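A short worksheet on the structure shown next.
None of the values given here were measured: they were computed from a predicted structure.
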Amino acid sequence: MLKEFKNHIKANFPLLLQRPFLVACSGGVDSVVLAHLCAQLNLEFSIAHCNFKLRDKASDDDEEFVRSLAHQLHKKIFVTNFNTVGYVNKNKVSVQMAARDLRYAWFAKLVKENNLETVLTGHQADDNLETFLINLSRGTGVDGLLGIPSKTSALARPLLPFTRNQIENFAKQNNIIWREDKSNKETKYLRNRIRHKIVPELKELHPTFLQNFNNTQVYLQETSVLAEDYTTLLKKELFVHKNGFIEVSVAKLITYNPLKTYLYALFSDYGFTEWQDVANLLTAMSGKQVLSRTHRLVKNRENLLLQELKEANSDVYLVNKDQETVSYPIKLHFKNVSEIGITNNTTIYVDKSKLKFPLVLRKREEGDVFYPFGQKGKKKLSKYYKDIKLSVVEKDEQWLLCSGSNIVWVVGKRADNRFKVAAGCDNVLKISLVK
């Protein structure tokens, strides 16, 4: 197995031969064998152990065992204790989910603080089969059937090609000691029921069942790559990137069938999960939207607009009287001048004596009105936006430069007539939008 593992590392995880990494070790056979294999290959790594405080003395004994293992292998060790039950009660999640969240957040912190390549976990082929069956039992698409990925941006799992029997046999042949977690024998958890009751029956059906499953996983992964390549081409064709959002033609979208499958391929990376709601947007009125945790999808006339959600705590900025430049969230330049020059979408001239400082740079608010330069009377800002055919996203992204509650400039579009420079004015302020 050592030779197979070495070849597997060279072929699929070459950076582990060059850079230090972290091995997550629970004390169980998989992670202990992983640490021994890496040590026998003289790889540079440290060991990390999480004590979840769930099994009283047994949890502390696991910690002590892993500390002893690190000393035996002459490796640095990181250990942390978690109040897992407290996390469960606070976040209303399962114990398994709590343990996952806590350990992976800690691993990410260790990798960053110690400039490590990645974290290795001891997941192996039987774990992969169990995950496949769990996802299958719950209902899933191709992504769920792919099982456990061998590599992600944060983790590497070099034992996935090896079975539990191979790993245990290697441990016994090399007199490697490990800790048995008694909770792994209990069948109250879904994974354990699958492990102890279903998987043995499947292996009994066919002696090479697990190998056949591994082969199927390879085929599924190759098919997934083809689908991803096609999705990339599809996005290039359908996604029109604009300033701060993506526009997608509804007329083009509805030509694809099965529609929900295409919607999933196009928008699942942005966190959307309610595919009927997304499909309903295609025939909805303008302004309707569907939210994910990170993005929103908005119907705007004949298009869908995709935009990343932003925090709403930084939408108001002040400009002081003697301030010459604004660098964020947009770039503005302020200059006192003696006469009016050329006015256009990016440059306006105002009577500085009519301004109340500090000026306010903000987004639209309900009830906003202004007096468009060159026109008589006032106009609702919402009506002005409609007249110039701004999309829903563009309306939300449009900046307004205000004096008190009065709009001075719909930045980059139209100035307000109330602040125009009259004949004989000697206090002229030039305001420019720098693109």
Can T131 and R191 be said to form a side-chain contact (heavy atoms from CB on, under 4.5 Å), step by step? CA-CA 8 Å; T131 298; R191 180 176 292 274; 3.0 Å; yes
Less than 3.5 Å apart, any donor N or O on the side chain of Y264 or D143 sitting next to an acceptor on the other? yes
Is it true that atom CG of N243 has more than 12 heavy atoms of other residues, nucleotides or ligands lying nearer than 6.0 Å? no
Close side-chain approach of F213 to N128, heavy-atom, < 4.5 Å: yes
With a 4.5 Å cut-off on side-chain heavy atoms, are D126 and L210 touching? yes
Within-4.5 Å side-chain heavy-atom neighbours: T121 and S31: no
Give the intermediate values and the outcome of side-chain contact (heavy atoms from CB on, under 4.5 Å) for residues F65 and H49. CA-CA 10 Å; F65 173 82; H49 176 76; over 6 Å; no
Is there side-chain contact between D416 and N406, with heavy atoms separated by less than 4.5 Å? no
Donor-acceptor side-chain pairing of N192 and H196 below 3.5 angstrom: no
Answer yes or no: is there an ion pair linking R164 with E168, defined by an N-O contact shorter than 4.0 Å? no
Could you tell me whether the side chain of N114 reaches within less than 4.5 Å of the side chain of K76, counting heavy atoms only? yes
Give a yes or no on whether E204 atom CD has more than 12 heavy-atom contacts from other residues, nucleotides or ligands under 6.0 Å away. no
Taking the side chain as everything from C-beta on, heavy atoms only, tell me whether S224 gets closer than 4.5 Å to L146. yes
Going by atom types only, do Q166 and Q124 share a side-chain donor-acceptor pair under 3.5 Å? no
Going by the salt bridge (charged side-chain N to carboxylate O under 4.0 Å, His left out) test, name the single residue among R296, K363, R362 that passes it with D396. R296
Counting only heavy atoms not in K75, do more than 12 fall under 6.0 Å of its NZ? yes
Aromatic ring centroids of F82 and Y87 under 6.0 Å? no
Evaluate the criterion salt bridge (charged side-chain N to carboxylate O under 4.0 Å, His left out) for residue pair R67 and E63; output intermediate values, then yes/no. CA-CA 6 Å; R67 287 184 183 275; E63 177 184 326; 3.2 Å; yes
Side chains of D62 and N51: any donor to acceptor distance under 3.5 Å? no
Between E394 and K413, is a salt bridge (charged side-chain N to carboxylate O under 4.0 Å, His left out) present by the stated rule, with each step listed? CA-CA 12 Å; E394 288 169 327; K413 292 181 173 59; over 6 Å; no
Step-by-step side-chain contact (heavy atoms from CB on, under 4.5 Å) determination, L306 to H295: CA-CA 7 Å; L306 176 66; H295 288 76; 4.1 Å; yes
Where does the angle between the aromatic ring planes of F162 and H8 fall among parallel (under 30°), tilted (30 to 60°) and perpendicular (over 60°)? perpendicular
Check whether more than 12 heavy atoms from other residues, nucleotides or ligands sit under 6.0 Å from atom CD of E324, and answer yes or no. no
Would you say R19 has more than 12 foreign heavy atoms packed within less than 6.0 Å of its CZ? yes
Quick one: do R157 and D127 make a salt bridge, cutoff under 4.0 Å? no
Tell me whether the count of non-hydrogen atoms from other residues, nucleotides or ligands lying under 6.0 Å of CD1 in I177 goes above 12. no
Is there a side-chain contact between F13 and T118 in this structure, where contact means two heavy atoms from C-beta onward sitting under 4.5 Å apart? no
Closest heavy-atom pair and its distance - V29, A171: CG2-CB, 4.1 Å
Do L401 and I348 have side chains that get closer than 4.5 Å, going by heavy atoms? no
K151 atom NZ, neighbour heavy-atom count above 12 within 6.0 Å: yes
Using the ring of each side chain (for Trp, its six-membered ring), is F370 parallel, tilted or perpendicular to Y384, with breaks at 30° and 60°? perpendicular
Over 12 foreign heavy atoms within 6.0 Å of CD, Q323: yes
Could you go step by step and tell me if R414 and Q375 meet the side-chain contact (heavy atoms from CB on, under 4.5 Å) rule? CA-CA 11 Å; R414 185 67 70 92; Q375 296 182 14; 3.3 Å; yes
